[in-house]
2 protein chains.
Amino acid sequence: MPAPRDPLRVDILPGTLDLLILKTLSVQPMHGYGIAQHIGRLSADALKVEEGSLYPALQRLKLKGWLTAEWRITPTGRRARYYELSRGGRRQLARELSAFDQLVAAVRSVVRPA
Amino acid sequence: MPAPRDPLRVDILPGTLDLLILKTLSVQPMHGYGIAQHIGRLSADALKVEEGSLYPALQRLKLKGWLTAEWRITPTGRRARYYELSRGGRRQLARELSAFDQLVAAVRSVVRPA
DNA sequence: CCATATCCATAGTCAATCTATGTATAACGA
DNA sequence: TCGTTATACATAGATTGACTATGGATATGG
């Protein structure tokens, strides 16, 4: 049987995946695999984006009009789906970033009161 | 029909409810309603703990052995269920607090890179 | 007497994330 | 040449967490 899962061992902070993706794409258009790599690298592997979370999230964001997608060829000659932040996506990124900061500040005010 | 829910308008940062409860009970034993008030007050009403989230969470935490419960009478003469942090709950609080800080730092390293 | 605040709790729903699985190709080492 | 690893996309299914909605009960203040 599989070992029981440590309830603390989460891959990402729930509710922040969209923010992480939008921010990553604000650097430059990227394909899914590259987005996951970028997030892992910048966070020193503290954050691991699972494929089963990533691709559905990309669909969601695309449906909301926050990013566009097109098939391209990578520098290494592979076919990959490149995602690009839309104008609305940029606004959404700003909103989510600000909301995240406020929520973190709120949690801190409870768990680390002055 | 009900207005569509703004995806940003969350009541709490998902995944932090247990932490908020454990921290609140580390101050002193408290009943459910008091816990919700405490979290709301300390966060200047930025965090709102819904009853439908709170009471199931208290059951969960009790099941894990992180807190104990007993019926008592409040100072105003009401009957209420008081929750008290156990020794294991105190350890769990420390773990969750540290995990939360690490996750927030990781997210920040992506969304606000140096 | 009626509204509001205090208190508990559950049922049902929804959304987000995870696990597991499938496909396919390229590169590399044994 | 063959197996493994890395690159790349995607979905199905399960699980979990948090929400809405609802129910009850008692106290207080207008």
Side-chain angles (χ1 to χ4, degrees), chain A residues 1-21 29-41 47-64 69-83 96 103 107, chain B residues 1-21 29-41 47-64 69-83 96 103 107:
Chain A
M1 64 178 172
R5 203 178 148 71
D6 182 342
L8 279 185
R9 223 29 187 303
V10 285
D11 288 325
I12 63 166
L13 192 59
T16 63
L17 180 56
D18 292 2
L19 170 60
L20 292 168
I21 292 172
M30 231 174 280
H31 52 66
Y33 192 86
I35 294 171
Q37 300 293 327
H38 181 260
I39 293 172
R41 186 159 31 80
L47 304 179
K48 177 163 176 48
V49 177
E50 301 293 339
E51 299 184 316
S53 310
L54 176 63
Y55 292 106
L58 287 170
Q59 310 285 5
R60 273 202 316 267
L61 297 175
K62 184 166 176 302
L63 259 180
K64 303 222 181 192
E70 70 172 333
W71 288 102
R72 280 199 227 158
I73 303 297
T74 69
T76 58
R78 279 163 174 284
R79 161 188 153 285
R81 202 149 169 76
Y82 276 78
Y83 295 91
E96 294 212 15
L103 279 174
V107 173
Chain B
M1 65 177 172
R5 203 179 149 72
D6 182 343
L8 279 184
R9 219 33 187 299
V10 285
D11 287 327
I12 63 165
L13 192 59
T16 63
L17 180 56
D18 292 2
L19 170 60
L20 291 168
I21 292 172
M30 231 175 281
H31 52 66
Y33 192 85
I35 294 171
Q37 301 293 327
H38 182 260
I39 293 173
R41 186 160 29 80
L47 305 179
K48 177 163 176 49
V49 178
E50 300 293 339
E51 299 185 316
S53 311
L54 176 63
Y55 292 105
L58 287 170
Q59 310 286 2
R60 275 202 313 269
L61 297 175
K62 185 168 176 301
L63 259 179
K64 303 221 180 192
E70 69 171 335
W71 288 101
R72 280 199 228 158
I73 302 298
T74 69
T76 58
R78 279 166 174 283
R79 159 189 153 285
R81 201 149 170 76
Y82 275 78
Y83 294 91
E96 293 212 16
L103 280 173
V107 173

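Numbered from 1 within each chain, the chains take letters A, B, ... in sequence-line order.
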Nearest-Å distance, CG (A:Leu19) to P (C:dA16)? 14 Å

What integer distance in Å separates A:Asp11:CG from C:dA16:P? 17 Å

Do B:Leu103 and A:Leu47 touch side chain to side chain, with heavy atoms closer than 4.5 Å? yes

List, with names and distances, any nitrogen or oxygen atoms from the protein found under 3.5 Å away from nitrogen or oxygen atoms belonging to nucleotides 5-8 of chain C.
{"from": "C:dT6", "atom 1": "OP2", "to": "B:Tyr33", "atom 2": "OH", "distance (Å)": "2.6"}
{"from": "C:dT6", "atom 1": "O5'", "to": "B:Tyr33", "atom 2": "OH", "distance (Å)": "3.4"}
{"from": "C:dT6", "atom 1": "O2", "to": "B:Arg78", "atom 2": "NH1", "distance (Å)": "2.8"}
{"from": "C:dT6", "atom 1": "O2", "to": "B:Arg78", "atom 2": "NH2", "distance (Å)": "3.3"}
{"from": "C:dC8", "atom 1": "OP1", "to": "B:Arg81", "atom 2": "N", "distance (Å)": "2.9"}
{"from": "C:dC8", "atom 1": "OP1", "to": "B:Arg81", "atom 2": "O", "distance (Å)": "3.2"}
{"from": "C:dC8", "atom 1": "OP2", "to": "B:Gly32", "atom 2": "N", "distance (Å)": "3.1"}
{"from": "C:dC8", "atom 1": "OP2", "to": "B:Tyr33", "atom 2": "N", "distance (Å)": "2.7"}
{"from": "C:dC8", "atom 1": "OP2", "to": "B:Tyr55", "atom 2": "OH", "distance (Å)": "2.8"}
{"from": "C:dC8", "atom 1": "N4", "to": "B:Glu51", "atom 2": "OE1", "distance (Å)": "3.1"}

D:dC9 P sits how many Å from A:Met30 CE, rounded? 12 Å

A:Ile35 CD1 - D:dT7 P separation (whole Å): 15 Å

Rounded distance (Å) that lies between atom P of D:dG17 and atom CD1 of B:Ile21: 12 Å

Calculate the interatomic distance between A:Leu47 atom CG and C:dT17 atom P; express it in whole Å. 12 Å

Please identify each residue that fulfils ring-ring contact (aromatic ring centres under 6.0 Å, His included) with B:Tyr82, with sequence neighbours left out. B:His31

Please report, rounded to the nearest Å, how far the P atom of D:dT26 is from the CD1 atom of B:Ile73. 12 Å

Only counting residues at least two apart or in another chain, list the ones meeting salt bridge (Lys or Arg N to Asp or Glu O under 4.0 Å) with A:Arg72. A:Glu70

Pairwise salt bridge (charged side-chain N to carboxylate O under 4.0 Å, His left out) hits with a residue in residues 31-40 of chain B, at least two apart: none

Closest nucleotide of DNA chain C for A:Thr16 versus for B:Leu58: which of these residues is on the 5' side? B:Leu58

Sequence neighbours excluded, which residues qualify as side-chain hydrogen bond (donor to acceptor under 3.5 Å, both in side chains) partners of A:Glu50? none

Specify the separation, in whole Å, of atom CG of A:Leu17 and atom P of D:dT16. 20 Å

Please table the atom pairs, donor to acceptor, closer than 3.5 Å between any side-chain atom in residues 51-63 of chain B and protein atoms at least two apart or in another chain.
{"from": "B:Arg60", "atom 1": "NH2", "to": "B:Asp18", "atom 2": "OD1", "distance (Å)": "3.0"}

